[in-house]
Structures are given as C-alpha cells and as structure tokens.
Amino acid sequence: MCARSRRRPSLICVTTRSAVFYKIISNKNLLKTSYSMKRSRIIDIIKHPEEIGFGSKVCVKGWVRTKRGNSNVAFIALNDGSIVTNLQIVAEPAKFGDDLMKLITTGSCLHVEGTLVESAGKGQTVEVQAEMIEVYGTADPEVYPLQKKGHSMEFLREIAHLRPRTNYFGCVLRLRHAMAFAIHKFFNDKGFFYLHTPLITASDAEGAGEMFNVTTFDLNNVPRTEDGKVDFKKDFFGKHTNLTVSGQLEGELGALALGNIYTFGPTFRAENSNTPRHLAEFWMIEPEMAFYDITDNMDLAEEFIKYLVQYALDHNMDDLRFLNDMFDKELIARLESVLKQDFIRLGYTEAIDILLKADKKFDYKVSWGIDLQSEHERYLVENHFKCPVILTDYPKEIKAFYMKQNDDGKTVRAMDVLFPTIGEIIGGSEREADYQKLLNRVHELNMTEQQYWWYFETRKFGSAPHSGFGLGFERLLLFVTGMTNIRDVIPFPRTPQNAEF
RNA sequence: GCUUCCUUAGCUCAGUUGGUUAGAGCAUCUGACUGUUAAUCAGAGGGUCCAAGGUUCAAGUCCUUGAGGGAGCGCCA
C-alpha cells in the first residue's frame, strides 16, 4: 500500500508494471483527485503511437467532444487542443458505474489512464482502453452551449470564451500561432531584428486612421487651461497621447541603424468601420529595410507571403484539411496556387488603363488620380488577372507624405499587395530619403516638421534609401484559413460597440 | 458613418393573401441496442415568436420606434 491510499481509504491502489492506478470503488467518490502518470498529448499518441507502444499505459487529459455507445461499451471522443483529431476512449460502463458515466458529457473535462491499443473499429487507428477515469469538471448538458453539431460563426462569436473548444477555432488558433512563429522565423533567418516600437504615441497625425486617446484624467473632471481647452500638461505624459496606429515611423529609426528590422505587435484604430475586414485592435507586421528600393521591397513582400503559406502547408495540414473539408473546399488548392504563380506587378497608371477599357460598369467612375475603390481592386485581382497583384506608383495626392517621390513629380513609390476577396493585404513604399523633398511635401500638406522633428533628423544625419511595408496579421489569417470574417481569426475581437471578453 | 437584410425551442431553421392549440432536424430527458464514428431506433419534455407602441374582429405575419447581429459601401491593414 502506498502513502496516498492510506490517506484515502476509499480508494484501491493498484500497482502495475508502469504505473500506479487508483480505482474508485465508491459511487460517491466521482471527483477524486487521483493521478500517477505523466500526461501524453493526444497529437503525440495519434501521430506516433509506435513510440509509446501498443499495449503501453497512457495518461491523457482533455475535453469530451461526444460520447456514443450502449450499456455495454461507451466511446468517448476526447480532445486536448493539441490536434484537431479526437482520441477515442473506450470505456465499459460496468467498470465505472452509471453515476460516473453520466458525468461524461459533451464539454466535460477528463483525466483518463488506460492501455493504448490498435482500434478495433473503423475510423481511427488507435484508441485507449480506459482503466481509470477521473472527471475534472462536469458540463451540464442542459446549459452547456457547445454541442457536437455545428454552430454558426455568429453564435460562436457571442461565446468567445468557449469557442476555442470548437474544432474550427482550435484550427484557427493553431494556425494563428504557426503564422506568428513563422513570421519571427522568416525574419530571424534573414538577419532581421525584432524591434519593439511604442504602443503609446504622442504623434498626433500619423495619418493612418482615427486614434484612441490615452489618458489618466478623471473624465468627469478634466483639467482645463484658462481658455477652456483640455490641459494635457497635467496629464500623465504631459502631452496628448494616443494608442499607436502604426510602428512604421519608429521602425524607420531602427532600420537606419540596424539595417533590417521588423515590428510585430498590436495596432489600434478608432475608425467606425463595420466590415468583415476591419478590427479596432489588430496585429500588424512592419518590416523596414535600409538600402532596399521599391523592387527589393516587392520581392521581400512576395517571398514573405509565400513563405508563410508554405509554412502552413508544411506544418498545419491537419488544420487546413479540416477547414478545407468543413468550410472552404478550395482552400488548400488556393494556397497551393499562390505558391506557383508570380504576383502580377503593375503600375497605377496601367491599372487605370485596364479599368477604363473594362466592360464592367463601376459605381465609382474611373479616371487617373482617383483612389482605387474596392470594386476596382476586385476587378483587377478577381476578374482581370485572377491572381495576387502588386500595384505601384500611385498619385502622390492619395498616399502618405513619407513615400518616395518619383521623378515625374506626380507619383510616389507606393506598393499595395491585393489579394482576392481580402483586398489590400499589404501596404508599403520606398520612403522619401531626401530631406528637402520630404520637407516640401510636409509643407504642401500643411503639416509641420516640428511634430516629426526626430523623424526628420534621420534625413538630416546619414540618410539612406530604405523601404518597408505593413502586413495585417488577421488579413493574412483570413487568407490562410479561408475564413470570411476577420472576427473569426482573432480570439477576442474588438470592433465598434463590442469589447466583450 | 451610409445602405440593406435578419432576429421564432438550447442550436440551425420553416411558418402560405393576417385566421383554431406555432412546427421540423439536431440537442436534452426516458427506454432499447454487445464496437460506435456528428451512432441508430422508439417515446417525452421544451416557446415572453428580440423589446415597446400601433393598425385590426383577429398579428409570429402589417406599421412605427428602439436593441442586437449579418452583408455591401466608405475609411484602411
């Protein structure tokens, strides 16, 4: 007898070759804490059962997806999040008792120890013959919201605290992790440095969108100056501050010292955007490279996206196959096709010509100088070329002040990577490295050098040609997962009027 | 922010020109079944028809307002 069984006389201690088991003998003792073995992850059992060995004892812990069977045998599909596939637990009700079997319902959490065997049934290669079952947590089937049948994405959004337990969201979260990891790997392997740019910024007009204020003021009693304006000198930072809408300007400071850097962090936009492609809080990757011109920039962007897609195909095929089978029958084929084709590279002026010659009637009239609308971008990508398109050399009037001005005096070296259904997945440019040209542009836009004095100093001191771009992480995930609403590729979406969870 | 659609059982949805007691599948509960595969079979329970107001002999159905959600557009990544 071991020490533990002396403290718990209601349990029988059974010693076997590889493990110690406690069998519950009293029907009332259904929620005992018992343990013995090291937990195996279900992915390891399913992928490499030979390493554990058929006939060996295993310990698994996870959440019940379904329970089937009859009075003689029960089949419990257990999922621990390590892989989309469930592990089949075979349990004989006579061995465990009705009271315990009743607690095993969809959503309940179990600790199971038993023997790993080749499956006697079809549909799976391995299963575990249960010898000990401990119920960590029950899930009352009358009120537990998740069922083994499918749910709508809209319903799952309302229970974002539980949706990670669905097959669908497990796939998305594993892919999300894989893409985040692959992003760091891609840049690290290329000698890029990960730069942490600030989330709180005092730059008032970065131009990328409406910003969230950051303050410690008591909003019911805001300090005022003599002329009635908000007195930000009394605020935490002594000036008006916001959450960042981009790390790019600070990223340039890093690139002009370290060579190649990238940022990867959260970004905040207070735009009242209600679409399946916008979030108020999202993650963005912004590489910035010294000595890269616009062509180098495009090459990197294309290589980057293809690397990430290849990484997903190489490392997350189980998840992709599930999403392909259940949601988007063309997902894997679409991912593979992107790898095969070169992205079309096209000047804005040529794009306008194509649109002017198009048979299609657009709601927004096409002429040189307009900002391309969704319908125009979609026509180019989905109808005309039927593949990703990189558009360059936009009119300077519709692009940001920091983009390098072309010799024609009319266009700047911007680039937008456009993807089918998603639209703009990457936006970037070669940066204006000439101090005087940058200054002139800022004055044209009625902005002041002073608010970006530190940015201008990089052009005063050792300026260098450089380029960069921004990739919306969730938009990448839309493409990689085949999902159609951006709220379904981030664990806890923040959108106008919604900050639950 | 603009336009438009939707809201009926726990979930997904049907519900006819407004007309008796609002239905189905799945889920749940009870029972059957010796290996299931979103198990199957039989039975049962389950409804503030989003909310408020209005029209009408009569409203799930028509009208008004509000709330929540989706899609399209704008802004953008």
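Sequence lines set the chain letters: A, B, ... in the order given, protein chains first and strands last, and positions in each chain run from 1.
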Tell me what [X] touches on the nucleic acid: a base, only sugar-phosphate, or nothing, going by heavy atoms under 4.0 Å.
X: A/Pro496; result: nothing
X: A/His151; result: sugar-phosphate
X: A/Leu146; result: nothing
X: A/Thr66; result: sugar-phosphate
X: A/Gln124; result: base
X: A/Glu127; result: base
X: A/Gly470; result: sugar-phosphate

*Report yes if some heavy atom in the side chain of A/Glu377 is under 4.5 Å from a heavy atom in the side chain of A/Glu382; otherwise report no.*
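Of all side-chain heavy-atom pairs linking A/Glu382 with A/Glu377, none is under 4.5 Å.
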
Searching all strands shown, indicate the nucleotide that pairs with [N] (Watson-Crick or G-U wobble; both distances under 3.5 Å).
N: B/rA71; value: B/rU3
N: B/rG31; value: B/rC41
N: B/rC76; value: none
N: B/rC26; value: B/rG10
N: B/rU56; value: none
N: B/rU65; value: B/rA51

*For the residue pair A/Phe186 and A/Phe304, is the inter-centroid distance of their aromatic rings smaller than 6.0 Å?*
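Under 6.0 Å, so yes.
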
*asked:* Quick check on the 6.0 Å ring-centre criterion: do A/Phe327 and A/Tyr168 meet it?
replied: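 Yes, the ring centres sit under 6.0 Å apart.
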
*B/rG69 P sits how many Å from A/Gln497 CD, rounded?*
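Those two atoms, CD and P, are 8 Å apart.
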
*Compare every heavy atom of A/His278 with every heavy atom of A/Thr495, then report the nearest pair and how far apart it is.*
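It is CG2-O, 4.0 Å.
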
*What's the shortest heavy-atom distance between A/Ala290 and A/His466, and which atoms?*
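Shortest heavy-atom contact: CA-CB, 3.7 Å.
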
*Determine the interatomic distance between C1' on B/rG74 and the same-named atom on B/rC2; round to the nearest Å.*
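B/rG74 and B/rC2 have their C1' atoms separated by 8 Å.
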
Looking at [X] and [N], is any side-chain donor or acceptor paired with a base atom of the opposite kind under 3.5 Å?
X: A/Gln147; N: B/rU12; result: no
X: A/Gln88; N: B/rU36; result: yes
X: A/Glu154; N: B/rG68; result: no
X: A/Arg269; N: B/rA77; result: yes
X: A/Arg277; N: B/rC75; result: no
X: A/Ser374; N: B/rC73; result: no

_Aromatic ring of A/Phe282 stacked on base six-ring of B/rA77, 5.5 Å, 30°_ =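 Taking the rule of under 5.5 Å and under 30°, the ring of A/Phe282 does stack on B/rA77.
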
*Parallel, tilted or perpendicular for A/Tyr379 and A/Phe362, by the 30°/60° rule?*
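A/Tyr379 and A/Phe362: perpendicular rings.
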
